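Just so you know, these numbers come straight off a predicted model, no measurement behind them.
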Amino acid sequence: MIAVDVTVNGRRHREEVDPRLLLSDFLRHRLGLTGTHVGCEHGVCGACTVKLDGVAVRSCLLLAAQVDGSEIVTVEGLAGTGPLTPLQAAFHRHHALQCGFCTPGILIAADDLLPRERPPTRGEIVDMLSGQLCRCTGYTPIVDAIAEVAGA
């Protein structure tokens, strides 16, 4: 077993983990943060995207032991217990989700894209979404929601 000391959504966790435990499984099964979805387990679909030390990463490609000393934000940490963030509210307004399986990963990836030095263009939003698989929406409402928040 390996000791892991990590801050997730502002809360510190000290856990003993198996060296082979994936970060996605640690978040879901050990911490109960089931908003981090596991789709492909190969880093392709983007459903497991979380922020690690401020950068969007695929949690299915990392071991829990690798994130010792890090800060993680999952979809549950975007708004906390407060009102929806502007991005979440825009997803609601634009009906940018259907089944919702991809939504947490897309929200985290978009949250990573938005605070850059300049607002992303629609083309940059589409490029970002090329790493996020969605079978339901056709992406147009997702792009519209993100573009609204970006002011694009």
Side-chain angles (χ1 to χ4, degrees), residues 4 6-13 17 21-67 70-152:
V4 174
V6 63
T7 302
V8 181
N9 299 331
R11 186 171 169 218
R12 189 173 180 186
H13 298 271
V17 299
L21 181 66
L22 294 175
L23 176 58
S24 54
D25 292 334
F26 173 74
L27 294 169
R28 291 181 58 78
H29 303 297
R30 292 291 288 273
L31 303 185
L33 298 170
T34 57
T36 301
H37 294 162
V38 179
C40 68
E41 296 186 272
H42 296 287
V44 176
C45 73
C48 69
T49 304
V50 299
K51 276 190 167 182
L52 173 65
D53 294 328
V55 178
V57 298
R58 307 286 204 241
S59 64
C60 75
L61 296 178
L62 292 167
L63 299 172
Q66 290 177 284
V67 301
S70 296
E71 185 170 329
I72 297 170
V73 176
T74 68
V75 70
E76 291 93 343
L78 287 180
T81 58
L84 295 177
T85 67
L87 182 62
Q88 291 169 318
F91 266 60
H92 182 262
R93 273 192 306 284
H94 288 273
H95 305 286
L97 65 141
Q98 287 181 23
C99 82
F101 190 82
C102 66
T103 306
I106 292 174
L107 285 168
I108 293 290
D111 188 67
D112 182 59
L113 177 70
L114 289 171
R116 306 281 166 94
E117 63 243 21
R118 63 172 177 70
T121 64
R122 286 185 76 83
E124 290 168 331
I125 294 167
V126 169
D127 284 346
M128 179 274 297
L129 287 172
S130 69
Q132 306 288 327
L133 295 180
C134 174
R135 293 181 172 199
C136 301
T137 68
Y139 295 98
T140 301
I142 296 170
V143 173
D144 291 344
I146 298 168
E148 175 189 303
V149 174

Evaluate the side-chain proximity of [Y] to [X]: yes if any heavy-atom separation is below 4.5 Å, no if none is.
X: Leu87; Y: Ile146; result: yes
X: Leu62; Y: Leu22; result: no
X: Val57; Y: Val50; result: yes
X: Val67; Y: Phe26; result: no
X: Gln66; Y: Leu23; result: no
X: Asn9; Y: Lys51; result: no
X: Arg30; Y: Leu21; result: yes
X: Leu78; Y: Ile108; result: yes

With distance as the sole test, does [X] use its side chain to make a donor-acceptor pair with the main-chain N or O of [Y] at under 3.5 Å?
X: Arg58; Y: Thr49; result: no
X: His37; Y: Phe101; result: yes
X: Arg93; Y: Ala145; result: no

Sequence neighbours excluded, which residues qualify as side chain to side chain donor-acceptor pair (under 3.5 Å) partners of [X]?
X: His94; result: Glu148
X: Thr7; result: none
X: Ser24; result: none
X: Asp25; result: none

Nearest-0.5 Å distance, [atom1] of residue [X] to [atom2] of residue [Y]:
X: Ile72; Y: His13; atom1: CD1; atom2: NE2; answer: 9.0 Å
X: Leu113; Y: Met128; atom1: CG; atom2: CE; answer: 5.0 Å
X: His95; Y: Asp144; atom1: NE2; atom2: CG; answer: 11.5 Å
X: Leu107; Y: Phe91; atom1: CG; atom2: CZ; answer: 4.5 Å

Item to check | Enclosure of Glu124 CD (heavy-atom neighbours >12, cutoff 6.0 Å) | outcome: yes
Item to check | Atom NE2 of His29 with >12 non-hydrogen neighbours under 6.0 angstrom | outcome: yes
Determine the minimum heavy-atom distance between [X] and [Y], stating which atoms define it.
X: His42; Y: Cys60; result: N-SG, 3.8 Å
X: Leu114; Y: Ala150; result: CD2-CB, 3.6 Å
X: Val17; Y: Ala65; result: CG2-N, 4.4 Å
X: Val143; Y: Arg122; result: CG1-NH2, 3.4 Å
X: Thr36; Y: Cys48; result: CG2-O, 3.7 Å
X: Pro115; Y: Asp112; result: CD-O, 3.5 Å

Compile the donor-acceptor pairs under 3.5 Å between side chains in residues 130-137 and protein atoms, sequence neighbours left out, one pair per line.
{"unit_1": "Ser130", "atom_1": "OG", "unit_2": "Asp127", "atom_2": "O", "d": "2.6"}
{"unit_1": "Thr137", "atom_1": "OG1", "unit_2": "Tyr139", "atom_2": "N", "d": "3.0"}

Item to check | Contacts of type side chain to side chain contact (heavy atoms under 4.5 Å, CB included), residue Asp53, not counting sequence neighbours | outcome: Ser70, Glu71
